[in-house]
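Since we're looking at a predicted model, the values are computed, not measured. Hydrogens, waters and symmetry mates play no part in the numbers below; they use all other heavy atoms, side chains included. Chain letters run A, B, ... following the sequence lines, proteins first and then strands; every chain starts at 1.
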Protein chains: 2
Amino acid sequence: MKKHSYRAVEAFRGADKTIRIVGHRGARGVFPENTMIGFKSTIEMGINLLEFDVVLCADGVPVITHNHALHVPTFKHVGGDFIDHEPKVLDLTWSQLQCFEVGRLDSSTQYGQRFPDQLQFAGIKVPKLDELLGHVANLSENNVYLMLEIKSDPNHVNNDIFRKKLVSEVTKRVRHFDLINQTLLHSFDWRILEECKSSAPDFPTSFLTQINHNPADVGEDSSLSVGPNIKNYGDHIPDKVFEKGGSLWCPNVQDITPTGLKRAKNLGLVTAVWTVNTVEEIDRMIEYGVDAIVTDYPGRVQQRLAVNGYNW
Amino acid sequence: MKKHSYRAVEAFRGADKTIRIVGHRGARGVFPENTMIGFKSTIEMGINLLEFDVVLCADGVPVITHNHALHVPTFKHVGGDFIDHEPKVLDLTWSQLQCFEVGRLDSSTQYGQRFPDQLQFAGIKVPKLDELLGHVANLSENNVYLMLEIKSDPNHVNNDIFRKKLVSEVTKRVRHFDLINQTLLHSFDWRILEECKSSAPDFPTSFLTQINHNPADVGEDSSLSVGPNIKNYGDHIPDKVFEKGGSLWCPNVQDITPTGLKRAKNLGLVTAVWTVNTVEEIDRMIEYGVDAIVTDYPGRVQQRLAVNGYNW
């Protein structure tokens, strides 16, 4: 069952005493999440695998932000306060989105308190996907790889036309910057990944899974309503990912088991676990021998790897 | 008692609902300490006040590193292990210093464990003072300010010739890059600061003090044997700093009192407190209303300031 080999997939594959580090939303524990200043800084610090989130705005422009709606603790009115309601990105044109700035956390909120050391930056906007792609395409080396999460809107999960448009807009931008070999298409929504396989088969796909939903993620509209029901798959989730033509399996850190990991390895899948932030979780992933660790704290993971005799 | 006004001093002065943030050794909690990649990243993240440490190597080149001797937990042999003995920087030529790399922490050491989230960087060397000065001089805006700590070698503390040479070499480099208006000369050794006043009176001086020595700093050869005995000055330390012609007073976070701070303010001194890392300490400094907070964690200070309604 030899599968097509993708350069972008191999960049995430571990090796003997080597586990890869993926910066989550850039590196949200350190830099402002899903921002150009954050991505640039993460790359300059030598973290060359980046995870981030893409949604469309009303005029079809793919932009980089996590939630379908503007997120109260991370969006401010330009020059003003944090927002107090959450319009949907899909209801705002690119030009309307310029009325909001990101780069700050409201540290009085529960969400803000999760990232107490994050550096704060004023006066910046939600980036277009094009901004990050352009930056990566212009680096002197082609060694930055993108785990591009296509966010699936729960309201449109059964809308074939919307899904086709979403995948088409995203892949068109990546092709435009000639970054197919540096990009994974990554989603919780397996129907989106099927659409990717069908309309853009030259891209590798990365299957996000989450069984035990993390209460801390509630309100961040992640996997809850868009993924397949995988509770009964047990340790056979990787088999399903393989059947669907996936190259990466991305289980939540609460769900990964040594048995599941072994099945994935035997199938040739790369296993990248998210979001691994505590020392206990990091050490457990090292013990299991996963391929890649998706983290908000790349420095913390580097230090745990080094002290355990691992490279990254 | 109107004193000469220095632009570099005013950059560190607080204002109504404004406390300045100074990145300690760059920003050691986040980036590799006293390295160019660390300084560049700190500046890019908008932290424009930088503290760092300068010593001379054997051929008289001022270099940026904290200790007089190479520091076991932060120095590696190039391409090899962490060092296991600590030669003095003053005994190594610039060329010999190239056999060592910095940018990593040995996380198995007590020192390493103090900065568990610090990003790690391979293949970099101790920077020359010139590298940082050149970088700052070439920025498009002249808005980065340097709290340049001149480290006083306890073995040479009574050596007038050595002291004159040290001050002369450092100030010559700053003059060469035309950064007098962006530099403070900062030291625990008040005799060094006297020498600065005498041989380079166009530079402002910044007086470091520490009464209660922090056990965590033992082994980092900081103030222990080079400063004056200030234990009996009580809250009158700022008066002594003022008498000596100082522009800044930099007390340790364990030592600062509201009374001492008030005396300093009345004398027109800027009070910058070091090294303020815990939320409890940060909040106390905000409550006191210091001018500037010297920290390894600028993001943490930004968030505490923001949540208390302060700017930086």
Side-chain angles (χ1 to χ4, degrees), chain A residues 21 23 26-32 35-47 73 76 81-82 103-109 111-124 277-279 282-283 295-312, chain B residues 21 23 26-32 35-47 73 76 81-82 103-109 111-124 277-279 282-283 295-312:
Chain A
I21 302 173
R28 169 175 61 163
V30 186
F31 303 118
T35 61
M36 281 311 300
I37 183 81
F39 294 128
K40 287 180 185 174
S41 302
T42 306
I43 293 168
E44 274 162 30
M45 286 308 305
I47 305 299
K76 298 183 93 157
D81 294 330
F82 285 97
R104 295 278 198 106
L105 271 177
D106 183 348
S107 315
S108 70
T109 63
Y111 184 82
Q113 284 162 14
R114 286 173 60 197
F115 307 103
D117 293 351
Q118 188 193 82
L119 287 151
Q120 304 290 281
F121 214 85
I124 53 175
N277 283 345
T278 68
V279 169
I282 296 164
D283 285 354
T295 184
D296 294 314
Y297 294 95
R300 191 179 297 171
V301 176
Q302 288 174 322
Q303 291 197 40
R304 295 313 303 165
L305 287 172
V307 92
N308 282 287
Y310 277 71
N311 296 311
W312 53 86
Chain B
I21 301 174
R28 169 174 62 163
V30 186
F31 303 118
T35 60
M36 282 310 300
I37 182 81
F39 294 130
K40 286 179 185 173
S41 302
T42 307
I43 293 168
E44 276 163 27
M45 286 308 307
I47 305 299
K76 297 182 95 158
D81 294 330
F82 284 98
R104 295 276 200 108
L105 270 177
D106 182 350
S107 314
S108 69
T109 63
Y111 184 81
Q113 284 161 16
R114 287 172 61 197
F115 307 103
D117 293 350
Q118 188 194 80
L119 286 152
Q120 304 289 282
F121 213 85
I124 53 174
N277 284 345
T278 68
V279 169
I282 296 164
D283 285 353
T295 184
D296 294 313
Y297 294 95
R300 191 179 298 170
V301 176
Q302 288 173 322
Q303 292 197 38
R304 296 312 304 166
L305 288 172
V307 91
N308 282 288
Y310 276 71
N311 296 312
W312 54 86

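No other option in D117(B), I37(B), D106(B) has as many heavy-atom pairs under 4.5 Å with chain A as D117(B). Ranked by heavy-atom pairs under 4.5 Å with chain A, the first of G103(B), A122(B), P116(B) is P116(B).
A pairwise comparison of heavy atoms in F31(B) and M45(A) identifies CD2-SD, 3.7 Å as the closest pair. Counting all heavy atoms, side chain and backbone alike, L119(A) lies closest to P298(B) at CD2-CB, 3.9 Å.
Q302(B) places a side-chain N or O within donor-acceptor distance of the main-chain N or O of Q120(A), the cut-off being under 3.5 Å. Although no hydrogens or angles enter the test, the distance criterion places no donor-acceptor pair under 3.5 Å between the side chain of Q303(B) and the main chain of S107(A).
For chain B, the nearby part of R104(A) is the side chain; its heavy atoms alone come within less than 4.5 Å. At a 4.5 Å heavy-atom cutoff, the contact between S108(A) and chain B is made by backbone and side-chain atoms alike.
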